[in-house]
Amino acid sequence: MPTRAAPLPHHIAIIMDGNGRWAQRRHRPRIIGHRAGAQAVKRCVEFCLQRGIEALTLFAFSSENWNRPSEEVGGLMKLFLGALEREVDELHRLGARLRFIGERSRFDPAIQARMHAAEALTASNPKLQLTIAASYGGRQDIVHAARLLAEDVAAGRLLPEQIDESALSAQMALADLPAPDLFIRTGGELRISNFLLWQMAYTELWFTDTLWPDVDAQMLQQAVDDFATRERRFGLTSAQLRAPHPGNTP
Ligand code: IPE
Ligand code: IPE
Ligand code: MG
């Protein structure tokens, strides 16, 4: 019998959590944990490029994270700008296409300009679709998509009865990518924290106590190996999945 290769996720979405605790355990300020977290991002991108994962979406900063102490938010913004200044050329060289989802207008103009430049520079790169969710919230994403559809209806471009799943999907973030098939959350919390609520309807979930700055290829491989053992039924029965497709029978 031919051996079937274990299914590899096409799109991995990650909540990179645990930076603050990583620093606190070392009696260091939280920002040190965020800095170490940025190094872990590089290891994660490298892993995806090496394994041929097509899309990676990283939750870097949520809509709600703006409410953290201003010192931490300020430190994160500096780190973000620095990473944009230093890392984009290397990502481009590696063939990654970089994009950002979330409420961009809330960022400083210097950060917005760098985001735009990074997207333009890497727009035709084929190797890895790398999306950074920054000032992103899943609920806000759904509200935004609903508003766009409402505008189309108000302008007479769309009938209410034409609003279906694909119409709404088309207005959501990540519309041009396959839905994430594997979700990873580090840092031990078992929740979604307003990440990709719509897009993760059938995503396989994987949680670990590992803190984000400690992430390495071995941990990521564990998640991918676990994914390979999952039976994705999408509402069907196991027997249905095992049955040959009608078109395949002689
Ligand atoms: C995740 O790490 C990074 C951001 C939310 C920006 P945290 O800063 O939430 O780290 P913990 O959860 O407090 O350890
Ligand atoms: C989720 O982590 C957001 C990011 C990792 C960017 P949080 O640390 O903000 O989530 P909660 O507050 O524990 O739910
Ligand atoms: Mg956290």
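Every value quoted in this text rests on a predicted model; they were computed, and no experiment measured them.
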Got a second to check how far His144's NE2 is from Gln140's CD, nearest 0.5 Å? 11.5 Å

Decide if atom CZ of Arg230 counts as having more than 12 heavy atoms of other residues, nucleotides or ligands within a radius under 6.0 Å. yes

In terms of hydrophobic clustering (I, L, V, M, F, W, Y; side-chain heavy atoms under 4.5 Å; direct or indirect links), are Val153 and Leu149 co-clustered? yes

Working to the nearest 0.5 Å, report the span between CG of Asp181 and OG1 of Thr203. 7.0 Å

Taking the side chain as every heavy atom from C-beta outward, state whether Glu119 and Leu98 have any pair of such atoms under 4.5 Å apart. no

Hey, quick one: are Trp66 and Val143 part of the same hydrophobic cluster, counting side-chain heavy atoms closer than 4.5 Å, chains of contacts allowed? no

For Trp22, is the NZ or CZ atom of Arg26 found under 6.0 angstrom from the centre of its six-membered ring and inside 45 degrees of the ring axis? yes

Any side-chain heavy atom of His11 sitting closer than 4.5 Å to one from Pro9? no

Ser124 side chain to Arg97 side chain, donor-acceptor N/O pair below 3.5 angstrom: no

Under the side chain to side chain donor-acceptor pair (under 3.5 Å) rule, what do Asp226 and Trp206 come out as? Steps first, then yes or no, please. CA-CA 8 Å; Asp226 192 339; Trp206 194 84; 3.1 Å; yes

Would you call Val41 and Cys44 a side-chain contact if the rule is heavy atoms closer than 4.5 Å? no

Are any non-hydrogen side-chain atoms of Ile192 and Met200 less than 4.5 angstrom apart? yes

With sequence neighbours excluded, tell me which residues meet side-chain contact (heavy atoms from CB on, under 4.5 Å) with Arg51. Phe47, Ile53, Gln221

Hydrophobic cluster identity match, Leu128 and Ile101, side-chain contacts under 4.5 Å: no

Around atom CZ of Arg147, are there more than 12 heavy atoms from other residues, nucleotides or ligands closer than 6.0 Å? no

Using 0.5 Å steps for rounding, measure from the CD atom of Glu54 to the CD1 atom of Ile12. 10.5 Å

Salt bridge or not for Arg139 and Glu64, using N-O below 4.0 Å? no

Is there a side-chain contact between Gln199 and Asp141, using heavy atoms and a 4.5 Å cut-off? yes

Glu90/Arg93 salt bridge by N-O under 4.0 Å criterion: yes

Going from CZ on Arg25 to CG on Asp214, what distance comes out if it is rounded to the nearest 0.5 angstrom? 8.5 Å

Treating Ile, Leu, Val, Met, Phe, Trp and Tyr as nodes and any side-chain heavy-atom pair under 4.5 angstrom as an edge, say whether Leu130 and Leu174 lie in one connected cluster. no

State, yes or no, whether a side-chain contact exists between Thr131 and Phe100 at a heavy-atom distance under 4.5 Å. no

Is it the case that atom CD in Gln218 sees more than 12 heavy atoms from other parts of the structure closer than 6.0 Å? no

Is the Phe59 to Trp212 ring centre distance short of 6.0 Å? no

Partners passing side-chain contact (heavy atoms from CB on, under 4.5 Å) against Ile142 (at least two apart in sequence or in another chain): Met172, Leu197, Trp198

The single option from Asn194, Asn65, Leu196 that satisfies side chain to side chain contact (heavy atoms under 4.5 Å, CB included) with Tyr136 is Leu196

Residue pairs fulfilling salt bridge (charged side-chain N to carboxylate O under 4.0 Å, His left out) with at least one residue in residues 156-167, sequence neighbours excluded: Asp152-Arg157

Residues which pass side-chain contact (heavy atoms from CB on, under 4.5 Å) with Leu76, listed by chain and number, not counting sequence neighbours: His34, Phe61, Glu72

Please check if any side-chain donor atom of Thr122 sits under 3.5 Å from a side-chain acceptor atom of Asn125, or the reverse. no

Distance (rounded to the nearest 0.5 Å) between Arg106 CZ and Asp108 CG: 13.5 Å

CZ on Phe227 to CG on Leu205, rounded to 0.5 Å: 11.5 Å

Using the side-chain contact (heavy atoms from CB on, under 4.5 Å) rule, take Leu211 and Thr186 through it: C-alpha gap first, then chi angles, then the decisive distance, then the call. CA-CA 6 Å; Leu211 302 174; Thr186 62; over 6 Å; no

Which residues pass the side-chain contact (heavy atoms from CB on, under 4.5 Å) test with Glu231, sequence neighbours left out? Arg233, Ser238, Leu241

Are Arg191 and Asp17 side-chain neighbours, meaning at least one heavy-atom pair lies under 4.5 Å? no

Residue Gln112 excluded, over 12 heavy atoms near CD under 6.0 Å: yes

Going by the rule ring-ring contact (aromatic ring centres under 6.0 Å, His included), which residues pair with Phe183 if we only count those two or more places apart in sequence or in a different chain? Phe207

Do you reckon Leu56 sits in the same ILVMFWY cluster as Ile184, going by side-chain contacts under 4.5 Å, direct or chained? yes

